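Every chain is numbered from 1 and lettered A, B, ... according to where its sequence line falls, protein lines coming before strand lines. Everything quoted here is computed from the prediction, not taken from an experiment. Any value given below was found using the heavy atoms of this structure, including those in side chains, with hydrogens, waters and symmetry copies removed.
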Number of protein chains: 2
Amino acid sequence: MKKLTVSDEGELPVRIAAVLRDAIVEGRLSVDQRLPSEQDLAEQFGVSRPTVREALKRLAAQSLIRTQRGATGGAFVNRLSYDTAAAQLITTSTLLLSMNAVDFETACEARYALERACVPFAAARRTPDHLAAMRAEIARQAEPGLSDEAFCASDVAFHRALVDAAANPVLSYQLAGAVEAMQPLMNMITFTARSRERIVALHSAIADAIEAGDASAADAALSALAAYSTALGEQVRQSRGVRKANGNA
Amino acid sequence: MKKLTVSDEGELPVRIAAVLRDAIVEGRLSVDQRLPSEQDLAEQFGVSRPTVREALKRLAAQSLIRTQRGATGGAFVNRLSYDTAAAQLITTSTLLLSMNAVDFETACEARYALERACVPFAAARRTPDHLAAMRAEIARQAEPGLSDEAFCASDVAFHRALVDAAANPVLSYQLAGAVEAMQPLMNMITFTARSRERIVALHSAIADAIEAGDASAADAALSALAAYSTALGEQVRQSRGVRKANGNA
DNA sequence: AGACATTAATTGTTTGACATTTCTCCCATT
DNA sequence: AATGGGAGAAATGTCAAACAATTAATGTCT
């Protein structure tokens, strides 16, 4: 029984988790490979089973491993899928924006800058499926009785379809965080200043340009949408400022 | 003592962690607020203390909370900083790329597309500090005896400086993942095909254009660097393919 | 008033036990 | 002989109780 040694800083489970994570990242533990049982790990690291369990739970929280009960159960190295990685990215980004008081302008600038980076590829590679997805969301956004929540969700879906049209999974993964995390901020804008016709028109212009393979036209339309969003944000900010100035502060 | 109820799917610590995470995300628990003690949480949820501990460790693994020992200790809601969020994003992105056999071309395309999105802002807003950082890395890359590892690390630092020059923390956060996660892939290229003079020259061209505030020139230089990287990747891929064809299959 | 020991509160860690799940293998029945 | 079911084994999930380590507040002595 080899006794694994860990650095002597910090808490035990953190250090053990770091050892195992490094083993995974550096490829010494490959996908779907089974880790030793909790009992074995406890003996190898010279700690108790709950301590090992905490380390494993840390890894499980990051989707690096999964556990199965039963005779052939245990902890297995997870293949990190784009979906789970994107989901984690979205929650992290959302929290980051909400807890750091990021102003709307900064977030909006970042989002549209990243999205514009996808446009040339989308114009070149879009498939009928992507176009259909974009058109469907545009049609939905034009429905009269649509709730604000549904409109914003459809807005997100439209932009994700645009990003997916670039047919680059790494771009889609990165952009998912930027687009989804901004939904709360965008909701705030859309709920306050109604502006659906204009947005739908710009969305249509983008879809048309993408369908025509005209990257520069799509870029222009997206830039116009960015400018419009920024202006709306500014408008809301000013009205808020006025309200606050008139308020009890 | 109110008894909190959780949904009846999945394992206990996962559900408890979800309840607490929602409370944090939805703002019912604010930054630096102290959570009830493990004992209290155990009673409120009607489970044992180790079960609560596992739930807390899941949250700690995501940097949502931190724990302190001692009399006034406990679990506190963390303010998610850009740095910790970026660190998480980097590890996730690195794993995602390494475990999903993303080809170099796709990753390279995504990286340079995102980076180009930052260039106009960098050209407009760069400060002397940003320029000095970029120049320092270029000088380092031109040192004769520099190891491959150090050269690649400096390459990453240069590109991060370029991104930071855009002066948008959200962009910097997003790009950190894309740039850092690609370092292993880029290392593979640089270690194989030596090409430092060319890279240094392109870096200098980028820095010059950024200093001059010339966004289109910087964009052109960055595009040239992207094309050169892609070509190198293709070259390495072909030599690998030949070697594999000549090898033992 | 200040330095120092005490104490209380809280998390960190261990030990031991039992519950639950799931596969494997053997045996009995058809 | 083939198939079905049940016992057993192995692993994780959960609980209980205790002790160790750490930290801040408190009280006491000089």
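Rounded to an integer number of Å, the gap from B:Arg53 CZ to C:dT10 C1' is 10 Å. Atom pair A:Arg69:CZ and D:dT12:C1' shows a separation of 6 Å (rounding to whole Å applied). A:Glu43 has its CD atom 11 Å from the P atom of C:dT15, to the nearest Å. Rounded to a whole Å, the CG atom of A:Leu56 is 13 Å from the C1' atom of D:dG13. Between the P atom of D:dA21 and the CG atom of A:Leu12 lies a distance of 12 Å, rounded to the nearest Å.
A donor N or O paired with an acceptor N or O is not found under 3.5 Å between the base of C:dG16 and the side-chain atoms of A:Arg49.
Side-chain atoms of A:Tyr82 and A:Ser172, non-hydrogen and from C-beta on, never get closer than 4.5 Å to each other. In this structure the side chain of A:Gln88 never reaches within 4.5 angstrom of the side chain of B:Gln62, judged on heavy atoms.
No side-chain donor-acceptor contact under 3.5 Å links B:Ser30 to the backbone of B:Gln33. A donor-acceptor pair under 3.5 Å is formed between the side chain of B:Arg34 and the backbone N or O of B:Gly73. B:Gln183 places no side-chain N or O within 3.5 Å of a backbone atom of B:Glu180 that could act as its donor or acceptor partner.
Among residues at least two apart or in separate chains, side chain to side chain donor-acceptor pair (under 3.5 Å) pairs with a member in residues 91-101 of chain A are A:Ser93-B:Tyr173. Within the structure, side chain to side chain donor-acceptor pair (under 3.5 Å) pairs that include any residue of residues 67-80 of chain B comprise B:Arg66-B:Asn78 (at least two apart or interchain).
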For this session: Take B:Glu54 and B:Thr51 through the test side-chain hydrogen bond (donor to acceptor under 3.5 Å, both in side chains) and record every step on the way to the result.
Result: CA-CA 5 Å; B:Glu54 284 199 8; B:Thr51 304; over 6 Å; no
Exercise. So A:Thr106 and A:Glu109, side-chain hydrogen bond (donor to acceptor under 3.5 Å, both in side chains) or not? Walk me through it.
Worked result: CA-CA 5 Å; A:Thr106 301; A:Glu109 173 181 295; over 6 Å; no
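A heavy atom lying under 4.0 Å from DNA chain D marks the following residues of residues 28-40 of chain A, by number: A:Arg34, A:Ser37, A:Glu38. For the contact set between residues 60-68 of chain B and DNA chain C, defined by any heavy atom under 4.0 Å, the members are B:Thr67, B:Gln68. In the region residues 70-81 of chain A, proximity to DNA chain C at under 4.0 angstrom, judged on heavy atoms, holds for A:Gly70, A:Ala71, A:Thr72.
For the residue pair A:Arg125/A:His130, the side-chain donor-acceptor check at 3.5 Å is not satisfied.
Partners of A:Arg21 under the salt bridge (Lys or Arg N to Asp or Glu O under 4.0 Å) rule, at least two apart in sequence or in another chain, do not exist in this structure.
Not one side-chain nitrogen or oxygen of A:Thr51 sits closer than 4.0 Å to the OP1 or OP2 atom of C:dG12.
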